[in-house]
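Throughout, a chain's letter reflects where its sequence line sits, starting with A, and its residues are numbered from 1.
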Amino acid sequence: MSYPLIFERSRRGRRGLRLVRETPEATRYIPEEFLRKAPPRLPEVDELTLVRHYTGLSRRQVGVDTTFYPLGSCTMKYNPKLHEEAVRLFAHLHPYQDPRTAQGALELMWQLGEYLKALTGMDAITLEPAAGAHGELTGILIIRAYHEDRGEGKKRRLVLVPDSAHGSNPATASMAGYQVREVPSGTDGEVDLEALKRELGPHVAAIMLTNPNTLGLFERRILEISRLSKEAGVQLYYDGANLNAIMGWARPGDMGFDVVHLNLHKTFTVPHGGGGPGSGPVGVKAHLAPYLPVPTVERGEEGFYLNFDLPKSIGRVRSFHGNFLALVRAWAYIRTLGLEGLKKAAALSVLNARYLKELLKEKGYRVPYDGPCMHEFVAQPPQGFRALDLAKGLLELGFHPPTVYFPLIVKEALMIEPTETEAKETLEAFAEAMGELLQRPKEWLEGAPYTTPVRRLDEVRANKHPKLTYFDGD
Amino acid sequence: MDYTPHTEEEIQAMLERVGAGSLEDLYRHLPQEILNPEISLPEPLPEWAVLEELRRLAGKNQPAFKAFLGGGVRSHHTPPVVQALASRGEFLTAYTPYQPEVSQGVLQATFEYQTMVAELAGLEVANASMYDGASALAEGVLLALRETGRMRVLVSQGVHPEYRQVLRSYLEAVGAELFTLPLEGGRTPLGEVPEGTGAVVAQHPNYLGALEDLAPWVERAHGAGALFVVVADPLSLGVLEPPGAYGADIAVGDGQSLGLPMGFGGPHFGYLATRKAFVRQVPGRLVSETVDAEGKRGYILTLQAREQYIRRAKAKSNITTNAQLTALMGAMYLAALGPLGLKEVALRGVAMAHRLWELLLEIPGVEPFTPKPFFNEFALRLPKDPHAVREALAARGFHAATPVPREYGENLALFAATELHQEEDLLALKEAMWEVLA
């Protein structure tokens, strides 16, 4: 049986919340011609129906709280409950209240900025971007402003991205008005240095890299890459999606990166919320600081303040002060772990990944770029198996699957990131399940899953005849 | 405390299995010169001490429970039922629903959200949300430019100044031109739409709270081949004629007014609604109804060829993370209130704002600025610098008088009211204002 929609539970005249005692007459304040002629068809439900509806939906949803979720590149680590308590302390602050009455919030922002600068090796930071890709856009706009300021804006029209990069990198460069050129990976899974050298030149604005890369491998020639990019006047951009593996152990700033974004919802345990909100602070080296978006949070003699006085700023990328409540969670995480805790967490994320990699190899999976992986690795099923079928089979066995078909350079890719908060026995159970799948009949795999709330969904139909609202077609 | 489950024995056993002698060993292939940098961070704290430190910081703030501050964020009641349901771990700790069979909760909730937003906007489709109102505006305008193939944008000065700043950042990047239409008497005067204009943008109610009659503008924009984009507070759409009804092509706005905590400005969510004809140009995620292998109704992410992880540099937008959880809260709020409840909440704010307007204008030296009709917010001209007024009011325990940027005029401040405000709150603010301005 399909699960009812909230609109199907609706009965005219039923009420959930009542927040107002008397309803004022609309026409006393608003002329008739501005008023809605027909009310919006919103659901009409009582509170208990509402609670049962959404509780029922939640039971048709898995999350880190319910299920091992080794989604590569997404860093689905545990989200501490402490943080949910923490944000309640800051819920009732208005972004336009007098800054003297929000000193605690501004101090927290300033402190978090200092911690993130220390962890990335950067000189200045903005906490404004609302997500990783938003941070990327901010970072690339900063780079663009820098080149333009130096009179090289018209010349440097190209952004280089490895073929293993996150899809957001080329999309971001394109949104910032750049052309994108792919750089191939070498046989070892790292950036092909010779290919990179051929592409570098005065027409290039930036290189976007993540390190470790999306194969889970640390780019060991990173110092040479940054030397080459400096010589060519090219800015080196660090995609922080994979920082979890190296936090505390190595810093993008020391590797020669000029800009770095962080995904607070990955590395710093802000819950992903089913797809957001996230937070994507951007750190820069000193030469790029003048171009940061406004406002920045500063410490002055009379306390903390918002600084709008950046004449070379790229402007604003978001309203108000960013996803502040996400910043509170990241702050709490850093203060709970300290440097040693962060380093241990990073190292255990690597240990978990390497351990799981060994277990899976034993079960018959292949690892095409089998270097010393960091917090994630990319595996392939044996010949004849499809990554998609294995993913669906895993659902039947009670696990959330890894990322499939990414990175694009590996056929039938299974990109696996266990994270540090998973126990050894969970990894072993997962490896057992992965092994078991290879023993199942092909027909079983192709038909999986069987007992999930729905079975395989018709994607083609959704694409050809999208039905995007309940009333579509009425 | 680091939230990791490993015992020492387990770590040793696992290290042995992967052929490493220690945790340090896992990093030995990194260049030595960058390994183990000196990093200065505070010492770790036990859980209670982290909370204590957070409480100390929170204690330096003066919370704005019943703020009269406007400007795109307002004090509203966040229903505990919404908080409780949205806090469920399944919603809170899930990721983008790439595996629909175990993500029907988020997918169906998003489908319902899309429906509610489309209903409010009077348009056919809505996406799964954007970061905030400002990014929704920027993406909405980029959509219009893709659709029309033009690179010129007219934006009313009545659009929130921060939204316009974000719009400028996005448009400059792609080389589009942005022209501002100055307000006259607090409203956008009807003007010409020059050739080559791809989008005309206005806000209703506008930044100063005034209602805008946009139908003639929409007609003129369409006559010139441009699309019309409206920024609208979703709460106002419980009462006001929706953008789709007066011909707008794209509606965007910020969802904070749907019972979300102010949170010092975020996270909230941005909504984006448009016509079905433009659906292949829509940025971000879309959820569609479909059927499963047994013919059972289910939900799935659709039209993913628009998205960055398929199309890379040719994607419609780089947005990946949106604001799913806060959008879910907005949908829950709408479902809890229903059409009548939403209208009541909106109108209560309108009535209180008008009462506040009357009361504050009794203070000598205070002059009206926003023309009537206005919604739940208005600007006044004060006899003193609004920053000083805001500060003096805060010293008396009131959060009011959002300073309006100089581009709109001297000594202007915004005041807002919501369902939270009672007559006695208004009278108390008036008294405090009287003292401050005396």
Colleague: What residue in B:Leu325, B:Leu23, B:Val102, B:Val174 has the most heavy-atom pairs under 4.5 Å with chain A?
Modeller: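 Ranked by contacts with chain A, first place is B:Val102.
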
Colleague: What distance separates B:Thr96 OG1 from A:Leu71 CG, expressed to the nearest 0.5 Å?
Modeller: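 Going from OG1 on B:Thr96 over to CG on A:Leu71, the span is 8.0 Å.
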
Colleague: At a 4.5 Å cut-off on heavy atoms, which part of A:Tyr69 comes close to chain B: side chain, backbone, both, or neither?
Modeller: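 The side chain, not the backbone.
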
Colleague: What part of B:Ser317 gets closer than 4.5 Å to chain A, counting heavy atoms only: side chain, backbone, both or neither?
Modeller: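 Its backbone and side chain both get close to chain A.
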
Colleague: Is there a side-chain contact between B:Glu289 and A:Asp472 in this structure, where contact means two heavy atoms from C-beta onward sitting under 4.5 Å apart?
Modeller: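 No, too far: nothing below the 4.5 Å cut-off.
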
Colleague: Which atoms of A:Glu422 come close to chain B, meaning under 4.5 Å heavy atom to heavy atom: side chain ones, backbone ones, both, or neither?
Modeller: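 The backbone, not the side chain.
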
Colleague: Among B:Gly133, B:Pro242, B:Ser75, B:Pro403, who wins on heavy-atom pairs under 4.5 Å with chain A?
Modeller: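 If we count pairs closer than 4.5 Å to chain A, B:Pro242 comes out on top.
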
Colleague: Using non-hydrogen atoms and a 4.5 Å limit, figure out which bit of B:His387 sits close to chain A: side chain, backbone, both or neither.
Modeller: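 Backbone only.
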
Colleague: For A:Arg36 and B:Leu120, indicate whether the former's side chain and the latter's backbone hold a donor-acceptor pair under 3.5 Å.
Modeller: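 It does hold such a pair.
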
Colleague: Backbone N or O of B:Leu26 within a donor-acceptor pair of the A:Arg354 side chain at under 3.5 Å?
Modeller: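 Flag set: sc A:Arg354 to bb B:Leu26 pair under 3.5 Å.
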
Colleague: Where on A:Met175 is there a heavy atom nearer than 4.5 Å to chain B: the side chain, the backbone, both, or neither?
Modeller: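 Backbone plus side chain of A:Met175, per the 4.5 Å heavy-atom cut-off to chain B.
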
Colleague: As an exercise: rank A:Pro39, A:Ala176, A:Ser279 by heavy-atom pairs under 4.5 Å with chain B and give me the winner.
Modeller: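 Counting heavy-atom pairs under 4.5 Å, the top option is A:Ala176.
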
Colleague: Give the C-alpha distance, both sets of side-chain angles, the deciding distance and a yes or no for side chain to side chain contact (heavy atoms under 4.5 Å, CB included) between B:Phe111 and A:Tyr470.
Modeller: CA-CA 8 Å; B:Phe111 179 79; A:Tyr470 177 65; 4.2 Å; yes

Colleague: Tell me, for A:Tyr78 versus chain B, whether the close heavy atoms (under 4.5 Å) come from the side chain, the backbone, both or neither.
Modeller: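 Interface part for A:Tyr78: side chain.
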
Colleague: Under 3.5 Å, side chain of A:Arg144 to main-chain N/O of B:Ala173, donor-acceptor pair present?
Modeller: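 Flag set: sc A:Arg144 to bb B:Ala173 pair under 3.5 Å.
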
Colleague: Side chain, backbone, both or neither: which part of A:Glu84 has a non-hydrogen atom closer than 4.5 Å to chain B?
Modeller: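 For A:Glu84, the side chain is the part near chain B, not the backbone.
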
Colleague: Can any side-chain N or O of B:Ser169 pair as donor or acceptor with the backbone N or O of A:Arg316 at less than 3.5 Å?
Modeller: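 Checked: pair present.
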
Colleague: Would you say the side-chain atoms of A:Ser58 pair up with the backbone N or O of B:Glu90, donor to acceptor, closer than 3.5 Å?
Modeller: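 Such a contact is absent between A:Ser58 side chain and B:Glu90 backbone.
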
Colleague: Most heavy-atom pairs under 4.5 angstrom with chain A, which of B:Ala84, B:Pro339, B:Ala394, B:Pro373?
Modeller: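 If we count pairs closer than 4.5 Å to chain A, B:Pro339 comes out on top.
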
Colleague: Below 4.5 Å, heavy atoms only, C-beta onward: do B:Leu337 and A:Leu42 meet side chain to side chain?
Modeller: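 No. Closest side-chain heavy atoms not under 4.5 Å.
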
Colleague: Against chain A, label B:Thr326 side chain, backbone, both or neither, depending on which of its atoms sit under 4.5 Å from a heavy atom there.
Modeller: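 For B:Thr326, the contact with chain A is made by backbone and side chain together.
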
Colleague: Less than 4.5 Å to any heavy atom of chain A: does that hold for the side chain of B:Gln114, its backbone, both, or neither?
Modeller: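 Both backbone and side chain.
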
Colleague: Tell me, do A:Arg335 and B:Leu54 make a side-chain contact under 4.5 Å, heavy atoms counted?
Modeller: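 Contact flag for A:Arg335/B:Leu54 side chains = no.
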
Colleague: Verify side-chain hydrogen bond (donor to acceptor under 3.5 Å, both in side chains) between A:His92 and B:Asn61, making sure each step is shown before the conclusion.
Modeller: CA-CA 10 Å; A:His92 298 286; B:Asn61 302 320; over 6 Å; no

Colleague: By a 4.5 Å heavy-atom criterion (distance strictly below it), what part of B:His399 contacts chain A: side chain, backbone, both, or neither?
Modeller: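 Contact with chain A is through the side chain of B:His399 alone.
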
Colleague: Need one label for B:Glu124: side chain, backbone, both or neither, based on atoms under 4.5 Å from any heavy atom in chain A.
Modeller: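 Contact with chain A involves the backbone of B:Glu124 alone.
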
Colleague: Test B:Tyr95 against every option in A:His400, A:His265, A:His272 by the ring-ring contact (aromatic ring centres under 6.0 Å, His included) rule and name the one that passes.
Modeller: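 Option passing the ring-ring contact (aromatic ring centres under 6.0 Å, His included) with B:Tyr95: A:His272.
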
Colleague: Under 4.5 Å from any heavy atom of chain A, what part of B:Val287 do you find: side chain, backbone, both or neither?
Modeller: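 Answer is backbone: N, CA, C or O of B:Val287 sit under 4.5 Å from chain A.
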
Colleague: For B:Glu101 and A:Arg456, what are the C-alpha separation, side-chain angles and deciding distance, and is it a side chain to side chain contact (heavy atoms under 4.5 Å, CB included)?
Modeller: CA-CA 7 Å; B:Glu101 297 86 351; A:Arg456 280 195 209 192; 3.6 Å; yes

Colleague: In terms of side-chain geometry, is the basic nitrogen of B:Glu241 or A:Lys37 positioned less than 4.0 Å from the acidic oxygen of its partner?
Modeller: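 A salt bridge is present here (some side-chain N lies under 4.0 Å from a carboxylate O).
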
Colleague: Does A:Lys392 have more than 12 heavy atoms from other residues, nucleotides or ligands lying within 6.0 Å of its NZ?
Modeller: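 More than 12 within 6.0 Å, yes.
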
Colleague: Would you mind reporting whether B:Arg312 and A:Val180 have side-chain heavy atoms less than 4.5 Å apart?
Modeller: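 No; the side chains remain at least 4.5 Å from each other.
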
Colleague: Using a cut-off of under 4.5 Å for heavy-atom pairs, which of B:Glu33, B:Arg168, B:Lys276 has the most such pairs with chain A?
Modeller: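 So the answer, after comparing B:Glu33, B:Arg168, B:Lys276, is B:Lys276.
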
Colleague: Could you tell me if the side chain of A:Leu137 sits less than 4.5 Å from the side chain of B:Tyr170, heavy atoms only?
Modeller: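 Yes - at least one pair of side-chain heavy atoms lies under 4.5 Å apart.
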
Colleague: Which is it for B:Asp132 and A:Phe320 under the side chain to side chain contact (heavy atoms under 4.5 Å, CB included) test, yes or no, and what are the steps along the way?
Modeller: CA-CA 10 Å; B:Asp132 67 338; A:Phe320 316 118; 5.7 Å; no

Colleague: So, do A:Val454 and B:Tyr299 sit near enough that their side-chain heavy atoms are less than 4.5 Å apart?
Modeller: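 No - every pair of side-chain heavy atoms lies 4.5 Å or more apart.
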
Colleague: Answer yes or no: is there a donor N or O on one side and an acceptor on the other, between the side chain of A:Arg18 and the main chain of B:Gly341, under 3.5 Å?
Modeller: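 Answer holds: no.
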
Colleague: Is it the side chain or the backbone of B:Ile310 that comes within 4.5 Å of chain A heavy atoms, both, or neither?
Modeller: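 It is neither, since no heavy atom gets under 4.5 Å.
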
Colleague: Pick one of side chain, backbone, both or neither for B:Ala336, based on which atoms fall under 4.5 Å of a heavy atom in chain A.
Modeller: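 For B:Ala336, heavy atoms of backbone and side chain both lie under 4.5 Å from chain A.
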
Colleague: Is it the backbone or the side chain of A:Leu337 that comes under 4.5 Å from a heavy atom of chain B, or both, or neither?
Modeller: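 Both backbone and side chain of A:Leu337 come within 4.5 Å of chain B.
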
Colleague: Looking only at heavy atoms and a cut-off of under 4.5 Å, which of A:Gly278, A:Pro466, A:Gly315 has the most pairs with chain B?
Modeller: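 Counting heavy-atom pairs under 4.5 Å, the top option is A:Pro466.
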
Colleague: Could you check whether any side-chain heavy atom of B:Val350 comes within less than 4.5 Å of a side-chain heavy atom of A:Pro24, counting everything from C-beta outward?
Modeller: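 Not touching, per the 4.5 Å side-chain cut-off.
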
Colleague: Shorter than 4.5 Å, heavy atoms on both sides: which option in A:Ala332, A:Gly338, A:Pro277 has the most such pairs with chain B?
Modeller: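 It is A:Pro277.
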
Colleague: Under 4.5 Å from any heavy atom of chain A, what part of B:Leu85 do you find: side chain, backbone, both or neither?
Modeller: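 Contact with chain A: side chain only.
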
Colleague: Decide side chain to side chain contact (heavy atoms under 4.5 Å, CB included) for B:Leu328 and A:Tyr54; before the verdict, give the C-alpha distance in whole Å, the side-chain angles of both, and the deciding distance to 0.1 Å.
Modeller: CA-CA 10 Å; B:Leu328 173 69; A:Tyr54 282 107; 3.9 Å; yes

Colleague: Just by distance, do the side chain of B:Asn318 and the backbone of A:Ala133 share a donor-acceptor pair under 3.5 Å?
Modeller: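 Present.
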
Colleague: Test side-chain hydrogen bond (donor to acceptor under 3.5 Å, both in side chains) on A:Thr23 and B:Glu344 and set out the steps.
Modeller: CA-CA 5 Å; A:Thr23 315; B:Glu344 286 174 357; 3.3 Å; yes

Colleague: Sort B:Arg55 into side chain, backbone, both or neither according to what part of it lies under 4.5 angstrom from a heavy atom of chain A.
Modeller: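 When you check distances to chain A, atoms from both the backbone and side chain of B:Arg55 fall under 4.5 Å.
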
Colleague: Are the side chain of B:Thr290 and the backbone N or O of A:Asp458 linked by a donor-acceptor pair below 3.5 Å?
Modeller: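 Pair found, side chain donor or acceptor close to backbone of A:Asp458.
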
Colleague: Would a 4.5 Å heavy-atom cut-off, applied to side chains only, mark A:Trp331 and B:Glu53 as touching?
Modeller: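 Yes; the side chains approach each other to less than 4.5 Å.
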
Colleague: So for B:Ala245, is it side chain, backbone, both, or neither that comes closer than 4.5 Å to the heavy atoms of chain A?
Modeller: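 When you check distances to chain A, no heavy atom of B:Ala245 falls under 4.5 Å.
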
Colleague: Taking side chain as everything from C-beta outward and backbone as N, CA, C, O, which of these in A:Ala326 sits under 4.5 Å from a heavy atom of chain B? Side chain, backbone, both or neither.
Modeller: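 Interface part for A:Ala326: backbone (N, CA, C, O).
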
Colleague: Could you tell me which portion of A:Leu35 (side chain, backbone, both or neither) has an atom closer than 4.5 angstrom to a non-hydrogen atom of chain B?
Modeller: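 When you check distances to chain B, atoms from both the backbone and side chain of A:Leu35 fall under 4.5 Å.
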
Colleague: Select one option (side chain, backbone, both, neither) describing which atoms of B:Phe375 are under 4.5 Å from chain A's heavy atoms.
Modeller: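 Only the side chain of B:Phe375 comes within 4.5 Å of chain A.
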
